[in-house]
Every structure is written in C-alpha cells, then in structure tokens.
Number of protein chains: 2
Amino acid sequence: MKAVEIPFAPSLADRMQRGDLFTEKCPSREILKHVTSRWGVLLLVALLSGTQRFSDLRRKVNGISEKMLAQTLQWLESDGFVERISYPVVPPHVEYTLTQSGTEIAKKVEALADWIELNLPEIIAAQIQKSEQ
Amino acid sequence: MKAVEIPFAPSLADRMQRGDLFTEKCPSREILKHVTSRWGVLLLVALLSGTQRFSDLRRKVNGISEKMLAQTLQWLESDGFVERISYPVVPPHVEYTLTQSGTEIAKKVEALADWIELNLPEIIAAQIQKSEQ
DNA sequence: CAGCATCCCCCACGATACTG
DNA sequence: CAGTATCGTGGGGGATGCTG
C-alpha cells in the first residue's frame, strides 16, 4: 500500500479561474485517471445498477480481466467511490457498492457515455465523410 | 489514414437495456478512449474557452508534449469534435475550434472534471482516513 | 509556427498459474 | 469464489531533430 502523498491545496483564486486541472501534478488528474480509465468508466456505470459481486462485474463488463477488475476496484475504493464488503464465508463472497460520492461521479460518467452512445451514428457518419473526401 | 471500419448497428433492444457499452469491440469504446484519454479530457475543456492556436493549447495544457498534442487533436478531429483551420501563411497559423457536437461532449467532460475539483478535499480526506486505519 | 519522423522507455494490460 | 503473483507484450507517451 503506497503512502498517500501530501495534498497541496490550490488557492480559491486558482480554482475560480478554471482550475488547477491544467497544472501538472494536480491531484485531480490522478482521480480523473482512475475514473476515466478504460475500465473505470465501465465499472462505475455498471455499479449504478446496484450492489454487485466480483464475478457479477466480471461477467457484466465484457472483456475485463480479473487482474484489471481487482485493480480498478481498488483504485475506486481508495478514492472513496466504492465500498467493498467481504463476508467471511467459504467460498468467499464479496460485494461492491457505490458510495454516496461514487454515485454522484458515476452519474457524470454515465452522462458522458450515454451521450456517446446516443450520438454514435452521427460520429461514425462524420468519420466516413472525412475518409472519403 | 486508416480505413473506417464498418459500423455495426446495435439493436434498439440492446440499447434500451443499458447499452452495448459493456460489449467488447463496441465502437463507443473507441470514441470514449479518445475523449477520456489523459490529454483528450484537458484539451476538450481547454477548447471550451473558444478557438485557439496550436501553441496556445500547448501553453495552456501544462505538461503536454507536441507529439501528444498533435495526435490527440487528430483523434478529436477525426471524431468530428474539433475543426482544424489552417491558414496558408508563413509562419504557419492553425486554429482549433470545437464543433457543435464537440461542444456538447466537452461540457459533459467538464462537468466530470469540475465535480472532481470541487470534491477533491473530501476525496483526499477519505484516502487519508483509509491509510490510517 | 506547426507540425512529422525517429528512437526509446515504461507501464497498462492480458494470459497464465497458484491460493485461502 | 475472489482474489494474488509472475511474466511478456504493445502502445502510450516523452525527447530530440528536421522541415515547409
């Protein structure tokens, strides 16, 4: 477990003028990386359906490997977006649930994903047009 | 220039039950990859401020290399999110602008980024708490 | 100024095998 | 079932140098 680094607090002024996001080593970029990662996006959206087990998620998110599932869930858990509940039984039974803040951010991510799915036809059409000109 | 692949059309039924996003090789995942890529996010948000030149963007998005700037802009252009306008002068003058659909998706991305910046204190606090327990 | 070409590195990720 | 450990690869991405 890597130690948490000292957070640097951006001034309110910085935040007002559209943020420190554009700054290197801004802590937000790290969170953003977890959330917008290839599997982070899909897991957050998947978890909006409610509490699910490890194997449920593995089945639902097509193409994810066990390694990346475990790792991404750990990222999201460490950011406080996902709560992991392990029942001491055999065979093991572990459940994953979105926290309050996890639900909030998942909805933002879902809005993005939904927009893309909805507008996919036009996007593809634009690509084809470009390739033909 | 790579040929555009034949788009496969997901059935409406699939779309209704929360999408083909969970399917491997879904075209949406590719778009999502461009948009949520490390630099894609930042460029989209940066371009919400209006038309900007290559070097403007390079300065604004701290830490990006010329290579990744050019490459990411090409991704976004090929998806129809960014329009590239090149003026035939020397020295070269090239401008980048969000298209209509680019503006829409950029706003979704911005909403996500803003949420993170706003809630960063709580997120960091949650991380610290976890590391101490 | 706005790139493209080239080289190179690192790590995200997949595949496989093993465990409590 | 729900993971860890290990190994190998691809490509994301940086640095540098060259052009119109």
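Fair warning: this is a prediction, and the values are worked out from it, not measured in the lab. Below, read A as the first sequence line, B as the second, and so on, with proteins coming before strands; counting in each chain starts at 1.
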Pair Trp75(B)-Val82(B), side-chain contact (heavy atoms from CB on, under 4.5 Å): steps then yes or no: CA-CA 9 Å; Trp75(B) 287 343; Val82(B) 165; over 6 Å; no

Along DNA chain C (nearest heavy atom to each residue), the more 5'-positioned of Pro91(A) and Val94(B): Val94(B)

Mutual orientation of the aromatic rings belonging to Tyr96(B) and Phe54(B) [parallel < 30°, tilted 30-60°, perpendicular > 60°]: tilted

Length of the CG-P vector between Leu69(B) and dA2(C), whole Å: 10 Å

For atom CG of Leu57(B) and atom P of dG3(C), their distance in whole Å: 10 Å

Ion pair Glu110(A)/Lys107(A), N-O distance below 4.0 Å: no

Sugar-phosphate, base or nothing in reach of Arg53(B), heavy atoms under 4.0 Å: sugar-phosphate

Length of the line joining Gln71(A):CD and dT6(D):P, which is rounded to integer Å: 15 Å

Tyr96(A) side-chain N/O to dG3(D) phosphate OP1/OP2 under 4.0 Å: yes

Derivation and outcome, side-chain contact (heavy atoms from CB on, under 4.5 Å), residues Leu44(B) and Leu48(B): CA-CA 7 Å; Leu44(B) 285 173; Leu48(B) 275 175; over 6 Å; no

Protein-nucleotide distance (Arg58(A), atom CZ; dA2(D), atom C1'), rounded to Å: 11 Å

Residue-phosphate contact under 4.0 Å: Arg84(A) side-chain N/O, dG3(D) OP1/OP2: yes

Residue pair Arg84(A) / Val94(A): nearest heavy atoms and the distance that separates them: CG-CG1, 3.7 Å

Donor-acceptor pair between Thr36(A) and Thr36(B) side chains, under 3.5 angstrom: no

Candidate nucleotides dC4(C), dC1(D), dG3(D), ranked by approach to the side chain of Pro92(A) - the nearest: dC1(D)

Can you give me the N/O atom pairs linking the protein to nucleotides 14-18 of chain D at distances under 3.5 Å, or say none if there are none?
unit_1	atom_1	unit_2	atom_2	d
dG14(D)	OP2	Ser65(B)	OG	3.1
dG14(D)	O6	Lys67(B)	NZ	2.6

Atom pair distance, as rounded to whole Å: CZ in Arg59(A) and C1' in dC1(D): 11 Å

Length of the NE2-C1' vector between His93(A) and dG3(D), whole Å: 15 Å

Check against side-chain contact (heavy atoms from CB on, under 4.5 Å), Ser86(A) and Glu95(A): CA-CA 6 Å; Ser86(A) 170; Glu95(A) 290 181 350; over 6 Å; no

Phosphate OP1/OP2 of dT4(D) contacted by Gln74(A) side-chain N/O (<4.0 Å): yes

Nucleotide dG11(D), atom P - distance to NE2 of His34(B) in whole Å: 13 Å

Distance in angstrom units between Trp75(A) CH2 and dC11(C) C1', rounded: 10 Å

